[in-house]
Amino acid sequence: TLRIIQKSFAGLGDYVRSNYGVHQRSGIPQDHVSVDPETGDVLGNPANYSAPSKIGAYFPFLLKVAQGHPIFKDAGFTKEEALQMMKRGLASLRKFQDTPNSYAGLFPWLKIRDDGTLEIAEYAGRRMIPSLDNGQATMAFAAIAGYYWDARPGTLEREVRDLAVDILNH
C-alpha cells in the first residue's frame, strides 16, 4: 500500500507541474479539470477559480516535498522547486489580501485571471467565504511558518516563512 500512495503522490506532482493543476502565473491550485473517463484526456480548460480548501491541501503537499519526506520522493520536483512554488502562491495570496475587497484575512472563492491576479469569484451572484475551508488554509500557513520559523535571513525558506506569517497576521 505504501507504493500505491507513493504513486498517487507522483501523479499529483505531474498535476501540480502542469497548467491544469496549478495556475502557473499565480501559483494557486485550480479547482478542477474535466477528464474524459474513456481516454483520460483533459476536456477543455481547467477551472479558473480556487477555494481555500484547495489551498489548504496544496501547500502542505509542497511543504512535505520541500522537507524531503520519503513518501513524496516520486513527486518529481526538488526542494528548491517546491519552495519556489510556495513562494509564488503565497505572494499571490498576500497581494490579494491588500485589495479593497479582501475579508479581514479570510479567503473567499477566488477567480484566477489569466495574468495571475486574484479576485473574488461569484457563484450564483453570491460571494462565498467558507469558514471550514479557511481553517484548512490557515493550518497550512501555520505549518509553513512553524517549520521555517528559524530559517536564516536572506534564504528562500525565510521568504516563504515571512509570506506565511504575513498572511496569518493580516
Q | From CA spacing to verdict: side-chain contact (heavy atoms from CB on, under 4.5 Å), Leu93, Leu110 | A | CA-CA 10 Å; Leu93 292 168; Leu110 296 164; 3.9 Å; yes

Q.
side-chain contact (heavy atoms from CB on, under 4.5 Å), that's the test. Do Thr117 and Lys95 meet it? Break it down for me.
A. CA-CA 8 Å; Thr117 57; Lys95 185 176 177 182; 4.3 Å; yes

Q.
To check you understand the geometry: which heavy-atom pair defines the closest contact between Gln97 and Asp166, and what is its length?
A. OE1-O, 4.1 Å

Q: Using ring pair (Phe, Tyr, Trp, His ring centres under 6.0 Å) as the criterion, point out the one residue from Tyr123, Tyr103, Phe96 that pairs with Trp109.
A: Tyr123

Q: State, yes or no, whether a side-chain contact exists between Val165 and Trp149 at a heavy-atom distance under 4.5 Å.
A: yes

Q.
Measuring only between side-chain heavy atoms, which start at C-beta, is Arg161 closer than 4.5 Å to Ile144?
A. no

**Q.** Ile71 with Phe59, same ILVMFWY side-chain cluster at under 4.5 Å
**A.** yes

Q. Can Ser50 and Asp31 be said to form a side-chain contact (heavy atoms from CB on, under 4.5 Å), step by step?
A. CA-CA 5 Å; Ser50 191; Asp31 189 83; 5.5 Å; no

Q. Could you give the distance from CD (Glu159) to CG (Asp162), rounded to the nearest 0.5 Å?
A. 8.0 Å

Q.
What's the separation between atom CZ in Arg88 and atom CG in Leu62, rounded to the nearest 0.5 Å?
A. 10.0 Å

Q: With Ser26 as reference, evaluate Gln24, Gln30, His23 under the side chain to side chain donor-acceptor pair (under 3.5 Å) test and give the passing residue.
A: His23

Q. If we only count heavy atoms from C-beta on, is the Asp98 to His170 side-chain gap below 4.5 Å?
A. yes

Q) Strictly by modelled atom types, are Gln67 and Lys64 linked by a side-chain donor-acceptor pair under 3.5 Å? A) yes

Q) Does the side-chain contact (heavy atoms from CB on, under 4.5 Å) test come out yes or no for Phe107 and Ile167, once each step is laid out? A) CA-CA 10 Å; Phe107 291 101; Ile167 288 169; 3.9 Å; yes

Q) Would you find more than 12 non-hydrogen atoms of other residues, nucleotides or ligands less than 6.0 Å from Met128 atom CE? A) yes

Q. So, for Ala66 and Tyr148, which heavy atoms are closest and what is the spacing to 0.1 Å?
A. CB-OH, 3.4 Å

Q.
Test of understanding: clusters of I, L, V, M, F, W, Y form through side-chain heavy atoms closer than 4.5 Å, transitively. Do Tyr49 and Ile55 belong to the same one?
A. no

Q. Can you get from Val65 to Leu83 by hopping between Ile, Leu, Val, Met, Phe, Trp and Tyr side chains that sit under 4.5 Å apart?
A. yes

Q: Provide the closest heavy-atom pair for Pro52 versus Ala137 in the form atom of the first, atom of the second, distance.
A: O-CB, 3.7 Å

(Q) Do the side chains of Asp115 and Arg25 get close enough for a salt bridge, i.e. N-O under 4.0 angstrom? (A) no

Q) Once you round to the nearest 0.5 Å, how far does CG of Asp133 lie from OG of Ser131? A) 8.0 Å

Q: Search all heavy atoms of Ala145 against all heavy atoms of Leu168 and return the closest pair with its distance.
A: CB-CD1, 4.4 Å

Q | Shortest non-hydrogen separation from Leu156 to Lys87 and the atoms involved | A | CD1-CD, 3.7 Å

Q. Cluster question for you: counting only ILVMFWY and a side-chain heavy-atom cut-off of under 4.5 Å, with indirect links fine, are Leu90 and Tyr147 together?
A. yes

Q. Under a 4.0 Å N-O cut-off, is there an ion pair linking Glu157 with Arg152?
A. no

Q | Gap between atom CZ of Arg127 and atom CD of Glu122 - 0.5 Å precision | A | 5.0 Å

Q) What distance separates Thr78 OG1 from Gln84 CD, expressed to the nearest 0.5 Å? A) 9.0 Å

Q: For Ile112 and Pro29, work out which heavy atoms get closest and say how close.
A: CD1-O, 4.2 Å

Q: Working to the nearest 0.5 Å, report the span between NZ of Lys54 and CD1 of Ile28.
A: 13.0 Å

